[in-house]
Protein chains: 2
Amino acid sequence: MQNHEHMFEAFLVKKELKFTLPRKLILSTVFALHEHFDAEQLYDEVRKASRNVSRATVYRTIPLLVEAGLIQKSVRSEARDTYEHIYGHPRHAHWVCRECGGVLETDMQEICKQLQKRAAVQNFEIAEISLEIKGLCWKCRNNATESQ
Amino acid sequence: MQNHEHMFEAFLVKKELKFTLPRKLILSTVFALHEHFDAEQLYDEVRKASRNVSRATVYRTIPLLVEAGLIQKSVRSEARDTYEHIYGHPRHAHWVCRECGGVLETDMQEICKQLQKRAAVQNFEIAEISLEIKGLCWKCRNNATESQ
DNA sequence: CTGCTAATTGAGAATCATTCTCATCAAAGG
DNA sequence: CCTTTGATGAGAATGATTCTCAATTAGCAG
Ligand SMILES: [Mn+2]
Ligand SMILES: [Mn+2]
Ligand SMILES: [Zn+2]
Ligand SMILES: [Zn+2]
């Protein structure tokens, strides 16, 4: 049993919820994925493992995983909400190109430390940090310059 | 004529779009509001000034204002997208309490400088920065402790 | 193992923010 | 004034997410 399974189970127990088969399947699928995903993609993946899991259960499990601190919302912009697992992954910023939609990730440890300090002062308990920078990537900047 | 009006007009001219009456009204309403707003709230406000502006035009104008760099998406989480005007306002982080929904804003100048440096290295042109921290505010932490 | 109870689930309907359609209107230049 | 073309209003369409409710399952007691 993987560590994230223990964490999710502990979370569910504390909330007096059950660690059911659909929830186990959804959890392991989330941690088998290594990219940003939306509910529909997760649903498709889960269905490959078992056809007996409904879309509703996927949608219902996502907020539980967020509350448990295992995943969080990732880049926004598109219609669908996207997520990424955070357990075992260092926090990172997302640089989103408005032109090509490309997403670059960069380290965010330093900024997190600063925010933790400020959180201590404010007596705020941080659960989730998201830093998103939008603009033009170098590729699209070059294209824009050339075409003038 | 206010400065943000010049900016929007310049933006529209460059894109060969017209600075029409509905667009003027929406723009001035946006800058008369001093809180985060969603499309529906903006629509309601605009309608107080004129009943001849449609919801569709409000929705169509919002992305123009974003592209012009006058507003940007603000705290997410709720169903509706929220926005805030950024022209003339220093960049700030949003601390959102998951319990009470309260939003605290803090300065972000320092972090912005760091990001600008990194942007220069990456040759990325920044248009928009959003930093959102979710967790528990001091009030809700106290409540949680008391009720144990 | 068997029955009991409450939580969970699957399937599909409902919701509702946002986008789209298209007939009408208005800006800008002559 | 015209004319041309983009902009607009009203409401329909879309589509991600949430909700409903009957059927199923987990966890527990006997
Ligand atoms: Mn990421
Ligand atoms: Mn703000
Ligand atoms: Zn790009
Ligand atoms: Zn709070």
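Each chain gets a letter, A, B and so on, in the order the sequences are listed, and its residues count up from 1.
- Asp81(B) comes within 4.0 angstrom of the backbone, heavy atoms only, and of no base.
- Closest heavy-atom contact between Ala127(B) and Arg91(B): O-NH2, 3.5 Å.
- Here the P atom of nucleotide dA7(C) and the CD atom of Glu16(A) are 9 Å apart, to the nearest Å.
- Closest contact between the side chain of Thr57(A) and the listed nucleotides dT8(D), dT9(C), dA6(C) involves dT9(C).
- As a whole-Å value, the separation of Phe19(A) CZ from dT8(C) C1' is 15 Å.
- dT9(C) atom P lies 11 Å from atom NZ of Lys24(A), rounded to whole Å.
- The separation between Tyr43(A) atom OH and dT17(D) atom P is 14 Å, rounded to whole Å.
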Step-by-step side-chain contact (heavy atoms from CB on, under 4.5 Å) determination, Arg55(B) to Val58(B): CA-CA 5 Å; Arg55(B) 183 177 275 107; Val58(B) 170; 5.6 Å; no
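- In this model, the phosphate group of dT17(D) is approached by a side-chain N or O of Tyr59(A) to a distance below 4.0 Å at OP1 or OP2.
- Atom CG in Leu17(B) sits roughly 19 Å away from atom P in dA26(C) (whole-Å rounding).
- Between His4(B) and His85(B), the ring centre distance reaches or exceeds 6.0 Å.
- Within 4.0 Å of Leu21(B), counting heavy atoms only, lies no atom of the nucleic acid at all.
- Thr20(A) has no side-chain polar atom (N or O) that falls below the 4.0 Å cut-off from OP1 or OP2 of dA7(C).
- To the nearest angstrom, P of dT21(C) lies 19 Å from CZ of Arg55(B).
- Closest to the side chain of Arg23(A), out of dT8(C), dT8(D), dA7(D), is dT8(C).
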Under the criterion side-chain contact (heavy atoms from CB on, under 4.5 Å), I'd like the reasoning laid out for Arg118(A) against Ile133(B): C-alpha separation, chi angles, the key distance, then a yes or no. CA-CA 11 Å; Arg118(A) 199 176 305 197; Ile133(B) 301 104; over 6 Å; no
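- Between Arg60(B) and dT18(C), a side-chain N or O to OP1/OP2 separation shorter than 4.0 Å is absent.
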Check the pair Val30(B) / Thr61(B) against side-chain contact (heavy atoms from CB on, under 4.5 Å), numbers first and verdict last. CA-CA 11 Å; Val30(B) 161; Thr61(B) 304; over 6 Å; no
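- Look at CD on Glu40(A): it is 12 Å from P on dG15(D), rounded to the nearest Å.
- Taking atom CZ on Arg80(B) and atom C1' on dG15(D), their separation rounds to 17 Å, with Å as the unit.
- Mapped onto DNA chain C by nearest heavy atom, Lys18(B) and Pro63(B) fall at different nucleotides, with Pro63(B) at the one closer to the 5' end.
- Distances from the side chain of Arg47(B) to the nucleotides dT8(D), dG12(C), dA10(D) place dA10(D) closest.
- Summary of the strand contacts: Ala79(B) and Arg51(A) both lie near DNA chain C, and taking for each the nucleotide with the nearest heavy atom, the more 5' one is attributed to Arg51(A).
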